[in-house]
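Worksheet: the structure to be examined is printed underneath.
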Amino acid sequence: MRANGHNMTHHWQSVLRDIWGIHATVTPLDGELDLNFLATGAQDYVLKVMRIGCPVDFIDLQCRAFNHIAHNAPDVPVPDVITTQSGEFFASVPDEAGAKRLVWVLRKAEGRTYANFRPQSVALLRDLGHAIGAMDRALADFKHPALARDFKWNLTQGDWISDHLEGITAPKRRALISDILAAFSTIKPALKSLPHVAIHNDVNDYNVIVGGTLTKPPHVTGLIDLGDICASPRICDLAIAGAYMVLGQADPEQALAALVAGYHAAYPLTPAEVDLIWPLLRMRLAVSVVNSTQMALENPHDPYVVISQKPAWDFLEAGAVNEELISKRLRAACGLPITDAAPRVQAWLDQERGNFAPIMGEDLARAPMGTLSVEHSTWPQNPFDLPLAEAALVGQEYEDNGRIWLGYYNEPRLIYTAPAFRRGPWKASNRRSVHLAIDAFAPAQTTLHAPMKATVHVVENRTAHLDYGGVVILRHETPNGDAFFTLYGHLNPEVLETLQVGQTLAKGEAFARLGDVTQSGGWAPHVHFQLALSTDGMGEDWPGVADPDEMYLWGAICPNPAALMNLPDAKVAFTPTDKDAVKAERDRLFGRNLRLSYADPVMLVRGWKHHLFDEWGRPYLDAYNNVPHVGHAHPRIQAVAADQLKRMNSNTRYLHPAQTDFAQKIVSKMPKSLSVCFFVNSGSEANELALRLARAKTGGKDMITPDHGYHGNTTGAIDISAYKFNAKGGVGQPDWVQLVEVADDYRGSYRRDDPDRAEKFAALVGDALAAIEKRGGKLAGFIAETFPSVGGQIIPPKGYLSAVYQRVRAAGGVCIADEVQTGLGRLGDYYFGFEQQNAVPDIVVLGKPIGNGHPLGVVVTTRQIAEAFAKGPEYFSTFGGSTLSCRMGKEVLDIVDDEGLMENARVMGARLFDGLATLQKRHDVIGDVRGYGLFIGVDLVWDPESRAPATQIAEYVKNHLRAHRILIGCEGPFDNILKIRPPLTIDAEDVEMLLTVLGKTLEEVDQMREEH
Ligand SMILES: Cc1ncc(COP(=O)(O)O)c(C=O)c1O
């Protein structure tokens, strides 16, 4: 066999050389009747050797179709047909046994099959749709005598399966296929009337090649295999692709919508064609399962046949797609009207604006608007839990003696907190936040009137907390008979008695009253007034709010109802701040080196604990920001700030107990020797002051500091921050600064296998001291971030710092610990990082988290050093130690204690650490996981042996996590270390989210690396 195989490849290698002039190594690919070979050389090709007896016109058809596409639409990713040296598309060549074979050659597409590509993202599906649309457009005028083929995969003739259902024995499955056939028979006439043109007819997930790298988003690089090409309506091509692409998708509706929208963008569809997609898609799956069932009957011992059916059956049986809504969704994704009547209804409503009966019994033209938007409103306090007591007060700031006020349509709000509004498993999953109605707030029992003639369609009392309470849906008709619906929520449930379904109401007729808080679901009295152009697929439970990413659909089904209130649309339509406009203004007004995170930046307008919300109310898990130490928007921080601002806010030239209270609290956490506090406004200012203290004490100027450190953005702080002064365009290293190698025992000179590494790293200080002496300088001290953060979340070996301190002190210097990143309980096991190092600094610098967002820094030192400094001029910082700052700082420290946040950091940190260690076992790209508590670094490497930093992967992961609603950072001299540093409030669910999403992302990374 071996010798045979060798002979065969050798033979075809010679054919390729002699007839095509291509010198390449040939290896067999899979294929049953035909033989396919991969030819690798300067370029990669696929050599196709057809089965004996293959008709010439079948190959001619495929070659000419590929060639036609390539000529008419060079951007469409189909493989080039490589002509023979005499200019033919194919050649007839004897195989090694002498039998004549048709042989042709295609250029190989770069990438892997869609089936094996991850992530199969919405963006990729849109790109695929676009590629198919562009291909179909190019094929539209392709003619060939062999195109008119009758065969089982021509979907217009798919009902051959009705005579072959015998193998499907399960009654439910049989009924399912019968349903699909029945639906197909209703669309068959429409299908027949469409132009029959050349289509690919088999864009399945093995016939799509996808390329994508860490730096280039995934995109379709090849639509291959025209073996099923035939003349059929173009919509069959799209439906067939859809049938494969929905399988295994977590959100098949969204996936299909993206595919269809992409196609429409390249080759616009008509609404009637869009309506055919779903029944055709199901029909293709039915043909597929019936066909493979037949094959299973013929090959009872081949388990693969049954396995291959599974995804299609799973999809058909799962019923995950809302069938009544799917065509509207697909139309909306293309920007087409959701129904043919929809534009007529909207035009009529627009024309009648001003003529409707006032639903609130009065003209609303001058009614004030009140916003509850995520940007402008602070309702609710906790966007994950709205208690009934708070719901009753929502909007109270707009209350004005019972005067009616209106709430916006299209307004993203955070008041919809129940799990029912979540669209995924996590707190940071998408959620329904955008209001699809107008609210009219008015006193309870205010009467509602029908805006026009109506029949009562639904009357209900939905008694769940924060539901509608009494709710009525009315059906209306335009004069030419188009129906539409209006919904009124939060009514007095007496409607159950006073209204009957089917009852007609005259224009202006009173039909309901607003419920009070006990009747309205728990909300302040108002009516939720919503318009719907169709109720298909919504039943009686219309969504009142929609996911912002689904507004393309829900905004089309439930457009702005302003006309029915005789109001201009603009008055009641909410427009969130335009992120792009803010970005443009930022570019105009600020310096270019004020950087934004992420390729697609986020605009964040609210927060709560360890979550943030963008302008559309999309939640993000904040696993990056250490400033909100006790969580974003902490109620105690809000309260203490507001309380102090009500009183006064002044400086340290006056006595105030808040100053000493704060200092007492800080000192209580410190080693005994550190007993004097200075208050400043930032970490930078604190480090500046620390330098002055050290110099005052020693009379020296020179400083020793580890490489890659960061201590702030002021002139003096930059001088001791190698991360800045050595950066591109940086000011360079001052002569009074000596750098020592950072004590990184993963990548540095001494590694974890060396038990003396702490001592060896510490000994490097000796060189620095010698250099100071050599230049005739005088040592002031040593400064280090206890665990270097921008340097790469580094945990120096235990004992390193105490060994360094010994040497520095012996040389007459003072030791400064920058605890901006590591202090205040973040490390879980230690309140300060220097405790882990068994070291007691002479000066400690605190910043960032100590104000929880309020600008605040603190320097703590010994009495002796403070005394030396006091010999100089008066020390004063206008805002440092302001009354407000002191109260806030003290509150932060109290909250860490009261809420057990250091313990939470320990427990959650351990969970994270374990999860990351498990991921490390699965993914070589994780070279190292290090940290304490919620100060964690994940060092990404191209190869665990060389430990070469995987910068591009870290960037990919960071952006990918952002797309999945998780904020983290990248750090280290090579930006290859994932920095995980959430507020200390993070809980188990969110740790789980982080680990799950990171795991999936790393799987994708592994796959993309295999590619190269
Ligand atoms: C370790 C360390 N020290 C000092 C600073 C400077 O603090 P600020 O930005 O408050 O001036 C930072 C800021 O990132 C820091 O990480």
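Order of appearance sets the numbers: ligands from 1, and atoms from 1 within every ligand.
Checked by atom type and distance alone, the side chain of Q920 pairs as donor or acceptor with a backbone atom of G927 at under 3.5 Å. Remark: side-chain polar atoms of H629 are paired, donor with acceptor, to backbone N or O of L824 under 3.5 angstrom.
Residue V740 comes nearest to A768 through the heavy atom pair CG1-CB, 3.9 Å, listed as atom of the first residue, atom of the second, then distance.
For the 3.5 Å distance criterion, the side chains of S721 and H711 fail to qualify, holding no donor opposite an acceptor.
Tested against P982, the residues H611, M908, R826 include a single side-chain contact (heavy atoms from CB on, under 4.5 Å) partner, R826.
The protein heavy atom nearest to atom 11 (O) of ligand 1 is S684 OG, 2.4 Å. Atom 16 (O) of ligand 1 has its closest protein heavy atom at Q821 NE2, 2.7 Å.
Heavy atoms of D818 come nearer than 4.0 angstrom to ligand 1 in at least one pair.
Checked for salt-bridge contact, D939 and R947 miss the test: no charged N lies under 4.0 Å from a carboxylate O. K665 and D661 are not joined by a salt bridge, as no carboxylate oxygen comes within less than 4.0 angstrom of a charged side-chain nitrogen.
Looking at K848 next to ligand 1, an N or O pair under 3.5 Å apart turns up. Every N/O-N/O distance between G712 and ligand 1 stays at or above 3.5 Å. For a threshold of 3.5 Å applied to N or O pairs, the pair formed by E785 and ligand 1 contains no separation below that value.
Contact annotation: for N687 versus ligand 1, heavy atoms closer than 4.0 Å belong to the side chain alone.
Residue-ligand proximity, S682 to ligand 1, at heavy-atom distances under 4.0 Å covers atoms 10 (O), 11 (O). Short contacts between ligand 1 and G683, defined as distances under 4.0 Å to a heavy atom of the residue, involve ligand atoms 6 (C), 7 (O), 8 (P), 10 (O), 11 (O).
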